[in-house]
Amino acid sequence: MNNFDHISNLFGNEIRKLRIEAGYKSYEQFAEDHDISRIQYWKMENGNNFTLKSLLKVLNGLNIDFNDFIKSPSLLNPIESESAVRLRQIIKHVNLSKKAFSISIGYKNTTLLNNVLSGRNQISDTLTKKITAKYVSLNSEWIKTGSGKMLQ
């Protein structure tokens with residue numbers, strides 16, 4: 001993941017958190033209430049399709065000043081989840097791009113991987129099984145929990 005993708009994911013996670021804190025359970029309702037395309041807003045929460053104009057529109061809908069947003073502790077000091085660290089190590093070990101790795105284990109896109117890499121989700125049993133089915137030298141217990149060594 002390059003710096004732009006990493007920052008976009010951080011921004012997406014932050015606006016999702018702020019939307020929920022503002023009382024919007026549904027991203028669709030927030031987008032509708034603030035005259036933002038639902039698809040565009042969904043992409044933004046998932047770390048894609050950011051423009052400064054669209055970010056400012058979202059922040060305006062959340063009544064958040066841009067400077068306050070940028071200074072948010074979760075943007076300044078992001079903590080990478082242990083699952084994200086392990087998934088990055090696996091992708092590096094197999095020497096593939098994120099997209100190529102995702103396809104190699106049976107997914108059509110990187111959405112599920114992005115959710116783990118952004119800290120939104122942990123590595124699931126299903127993802128662990130898909131990885132170990134393709135890359136049999138990897139230790140499933142390590143993938144799931146971090147216990148033991150990466151390689152069998």
Could you check whether any side-chain heavy atom of [X] comes within less than 4.5 Å of a side-chain heavy atom of [Y], counting everything from C-beta outward?
{"X": "Val116", "Y": "Arg86", "value": "no"}
{"X": "Lys134", "Y": "Val94", "value": "no"}
{"X": "Val85", "Y": "Gln89", "value": "yes"}
{"X": "Tyr107", "Y": "Lys130", "value": "yes"}
{"X": "Tyr27", "Y": "Ile15", "value": "no"}
{"X": "Phe69", "Y": "Leu55", "value": "yes"}
{"X": "Asp33", "Y": "Tyr24", "value": "yes"}

Would you say [atom1] of [X] has more than 12 non-hydrogen atoms from neighbouring residues, nucleotides or ligands within 6.0 angstrom?
{"X": "Asn67", "atom1": "CG", "value": "yes"}
{"X": "Lys17", "atom1": "NZ", "value": "yes"}
{"X": "Lys43", "atom1": "NZ", "value": "no"}
{"X": "Glu28", "atom1": "CD", "value": "yes"}
{"X": "Ile39", "atom1": "CD1", "value": "no"}
{"X": "Asp35", "atom1": "CG", "value": "no"}

Between [X] (side chain) and [Y] (backbone), is there a donor-acceptor pair under 3.5 Å?
{"X": "Thr110", "Y": "Leu113", "result": "no"}
{"X": "Ser102", "Y": "Lys99", "result": "no"}
{"X": "Ser8", "Y": "Asn48", "result": "no"}

Practice task
Begin from the C-alpha positions of Trp142 and Leu151 and carry the test side chain to side chain contact (heavy atoms under 4.5 Å, CB included) through to its verdict.
Solution key: CA-CA 8 Å; Trp142 179 84; Leu151 300 175; over 6 Å; no

Distance from [X] atom [atom1] to [Y] atom [atom2], nearest 0.5 Å?
{"X": "Ser137", "Y": "Met150", "atom1": "OG", "atom2": "CE", "answer": "8.0 Å"}
{"X": "Ser72", "Y": "Leu18", "atom1": "OG", "atom2": "CG", "answer": "6.5 Å"}
{"X": "Ile70", "Y": "Asp65", "atom1": "CD1", "atom2": "CG", "answer": "10.0 Å"}
{"X": "Asn60", "Y": "Ile36", "atom1": "CG", "atom2": "CD1", "answer": "9.0 Å"}
{"X": "Tyr41", "Y": "Arg19", "atom1": "OH", "atom2": "CZ", "answer": "5.0 Å"}
{"X": "Ile131", "Y": "Lys144", "atom1": "CD1", "atom2": "NZ", "answer": "10.5 Å"}

Practice task
Please report the shortest heavy-atom distance between Asn139 and Ser147, naming the atom on each side.
Solution key: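 Heavy atoms of Asn139 and Ser147 come nearest at ND2-O, 4.1 Å.
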
Joint hydrophobic cluster, [X] plus [Y], side-chain heavy atoms closer than 4.5 Å:
{"X": "Leu75", "Y": "Leu62", "value": "yes"}
{"X": "Ile105", "Y": "Ile103", "value": "no"}
{"X": "Trp42", "Y": "Leu56", "value": "yes"}

Exercise for the section: For side chain to side chain contact (heavy atoms under 4.5 Å, CB included), just list the numbers for Arg16 and Asn46, CA-CA rounded to whole Å, side-chain angles, deciding distance to a tenth of an Å, and then say yes or no. Expected result: CA-CA 9 Å; Arg16 176 183 296 107; Asn46 286 283; 3.7 Å; yes

Exercise for the section: Could you give me the CA-CA distance, side-chain angles and deciding distance for Lys98 and Asn114, then say whether side chain to side chain contact (heavy atoms under 4.5 Å, CB included) is met? Expected result: CA-CA 9 Å; Lys98 182 174 55 174; Asn114 287 338; 2.5 Å; yes

Practice task
Please determine which of Leu127, Asp125, Ile123 meets the side chain to side chain contact (heavy atoms under 4.5 Å, CB included) test together with Ile143.
Solution key: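 That would be Ile123.
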
Exercise for the section: For the pair Phe11 and Phe50, name the ring-plane relationship: parallel under 30°, tilted 30 to 60°, perpendicular over 60°. Expected result: perpendicular

